[in-house]
2 protein chains.
Amino acid sequence: MSLPHAILTALLEKPSSGLELTRRFDRSIGYFWSATHQQIYRELGKLETDGLIRALPAEQPSRGQKKSYEVLPAGRAELARWTAASQDPKPHRDALLLRLRAAAVVGTAGLEADLRRHLELHQRQLAEYREIEKRDFPPGRDGTEDRLRHLVLQAGIDLETFWTQWLGRALADVAALPGGEPTRPA
Amino acid sequence: MSLPHAILTALLEKPSSGLELTRRFDRSIGYFWSATHQQIYRELGKLETDGLIRALPAEQPSRGQKKSYEVLPAGRAELARWTAASQDPKPHRDALLLRLRAAAVVGTAGLEADLRRHLELHQRQLAEYREIEKRDFPPGRDGTEDRLRHLVLQAGIDLETFWTQWLGRALADVAALPGGEPTRPA
DNA sequence: ACACCTTGTGCAACTAGTTGCATAAACCGT
DNA sequence: ACGGTTTATGCAACTAGTTGCACAAGGTGT
């Protein structure tokens, strides 16, 4: 139940239309809580009927027109409640680690190329995060909002750093293995 | 679509009943692909009708009786195919990072305790991984199966190490902040 | 003026995962 | 022999997320 709260956060940062939200999810919030535009529109509808947000008055609220939303006091209260509430971490699921474990029984054939591809993806993501850091968090400023947001970005940077290092190691190991044959043939 | 493959991997490592699988998911595969017993039973049924696994013959296949499964050649082939196939990484979702970002707009009140709790959880998990490493991967042996499985465990260790460090830093930062008040009051 | 592309909003159907409960046998104390 | 706990299997309903498509308005080229 976090998507509504992701949207509330984004809207508090800046009132937006569905499409603007979608764009912002793609390059910011979506890094740790992704959502498609369909999800976002659906959720905006729910949040509006629940009285947590409202559409900003627009001239022609017809189809094909931008419709911006802002957070109402009830929405802010709900977000504060949710932020403070204790929550258990959800179990992670990582298909790549699973595949490596599978490869231990059925062989590593064909795996290497995809490991390399993942390595590149993570390298690219890491570079992007570093760009954002340089742009949005120059050495000087450290307001309390900035400090928290920087902390979040730092998590992203550290995670991508981990992945690139781990994938590098995994690739070296896989390359050093006998080959694609199962280690325990049927 | 990874649960069936997680199960196939587990069954190839060792044929098991539904409950045994559930237990093994809880302390091994589940670290990176968790599943409840309901999911597992449902999936075992599907895999059986699809001809990828079969129930090992048992005396009394009635309710309340253990029913073990083993992987058929078709199942092994499917797992090998899946392992080798290129897959895009699924977007992660991390509620804790989202909450931190929310806290930047609605304040950090109440957050600290839960950060501390998460830190402890990750420390405990890290300790458990280190135990497993000591037990299952002593310095000597390094068969190719072992090497791959060790790599997976290493990812777990490194990830938990990251989280404990990051949470430590986050706690320090949050504690140093003015208080629980919103940084940008309504 | 018409065809085409982009922007913006949205519904419907599907898939994967979660939660809550039901059932039955076996084992265990009294 | 009875009642409670553990082991073992499973169904049904729900929630969250994904995929595929539809539709309208506005701009752009011809």
Side-chain angles (χ1 to χ4, degrees), chain A residues 1-8 10-11 15-26 29-50 53 55-56 58-69 82 87-95 98, chain B residues 1-8 11 15-26 29-50 53-56 58-69 82 87-95 98:
Chain A
M1 270 271 302
S2 301
L3 177 57
H5 303 100
I7 291 177
L8 287 171
L11 286 182
S16 308
S17 69
L19 192 68
E20 281 164 353
L21 275 179
T22 303
R23 299 251 162 83
R24 292 172 55 204
F25 266 73
D26 283 347
I29 300 209
Y31 291 144
F32 47 90
W33 204 278
S34 69
T36 61
H37 77 274
Q38 290 90 340
Q39 275 180 283
I40 289 170
Y41 283 118
R42 199 197 307 172
E43 202 62 44
L44 282 171
K46 274 189 215 153
L47 288 168
E48 192 178 20
T49 47
D50 290 354
I53 63 174
L56 288 173
E59 316 73 73
Q60 300 294 107
S62 73
R63 240 180 136 78
Q65 292 293 113
K66 268 196 204 182
K67 196 165 50 167
S68 278
Y69 294 90
W82 176 81
Q87 287 175 37
D88 285 328
K90 288 260 170 245
H92 349 98
R93 295 206 164 87
D94 191 301
L98 187 56
Chain B
M1 271 268 305
S2 301
L3 178 58
H5 303 101
I7 291 178
L8 287 171
L11 287 181
S16 308
S17 68
L19 191 69
E20 281 163 353
L21 274 179
T22 304
R23 299 250 161 84
R24 292 172 53 204
F25 266 72
D26 283 347
I29 300 208
Y31 292 143
F32 46 90
W33 204 277
S34 69
T36 61
H37 77 273
Q38 290 91 339
Q39 276 179 284
I40 289 169
Y41 283 117
R42 198 198 304 173
E43 201 62 44
L44 283 171
K46 274 190 215 151
L47 288 168
E48 191 177 20
T49 46
D50 290 354
I53 63 174
R54 64 161 188 160
L56 288 173
E59 317 74 72
Q60 299 295 104
S62 72
R63 242 182 135 78
Q65 292 293 113
K66 266 198 205 183
K67 196 165 50 168
S68 278
Y69 294 90
W82 176 81
Q87 286 175 37
D88 285 328
K90 287 261 169 246
H92 352 97
R93 296 205 164 87
D94 191 301
L98 187 56

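Residue numbering restarts at 1 for every chain, and letters A, B, ... go by the order of the sequence lines.
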DNA chain D contacts made by residues 33-41 of chain B, counting heavy atoms under 4.0 Å: B/His37, B/Gln38, B/Tyr41
Value in whole Å for how far the P atom of D/dA16 lies from CD of A/Glu43: 8 Å
Gap between atoms CD1 and P, on A/Ile7 and D/dA16 respectively (whole Å): 13 Å
Contact under 4.0 Å: B/Ser17 side-chain N or O vs D/dT9 OP1/OP2: yes
Minimal non-hydrogen separation, A/Arg24 against A/Ala10, with atom names: NH2-O, 2.9 Å
Pairwise side-chain contact, A/Phe25 with A/Ile40, heavy-atom cut-off 4.5 Å (strictly under): yes
Beyond-backbone contact of A/Trp33 with A/Ser2, side-chain heavy atoms, under 4.5 angstrom: yes
Among C/dT7, D/dA16, D/dT7, the one nearest A/Met1 by side-chain distance: D/dA16
Whichever of B/Glu20 and B/Lys90 has its nearest DNA chain D nucleotide further upstream toward 5': B/Glu20
Short side-chain N/O contact to C/dG8 OP1/OP2 from A/Arg23, under 4.0 Å: yes
Check: A/Gln39 side chain, A/Thr36 main-chain N or O, donor-acceptor pair, under 3.5 Å: yes
Short side-chain to backbone donor-acceptor contact, A/Glu20 and A/Ser17, under 3.5 Å: yes
OP1 or OP2 of C/dT9 under 4.0 Å from side-chain N/O of A/Arg42: no
Length of the NZ-P vector between B/Lys46 and D/dG10, whole Å: 14 Å
For atom CG of A/Leu47 and atom C1' of C/dT9, their distance in whole Å: 16 Å
Test item: A/Ile29 and A/Ile7 side chains (from C-beta on) under 4.5 Å apart, heavy atoms: no
Rounded distance in Å - CG (B/Leu44) to P (D/dT9): 9 Å
Between P of C/dA26 and NZ of B/Lys67, the distance in whole Å: 16 Å
B/Lys90 vs A/Ser34 side-chain heavy atoms within contact, under 4.5 Å: no
Along DNA chain D (nearest heavy atom to each residue), the more 5'-positioned of B/Leu19 and B/Arg93: B/Leu19
Rounded distance in Å - CD (B/Gln87) to P (D/dT18): 15 Å
Nearest-angstrom distance from the residue atom CZ of B/Phe25 to C1' of D/dA8: 17 Å
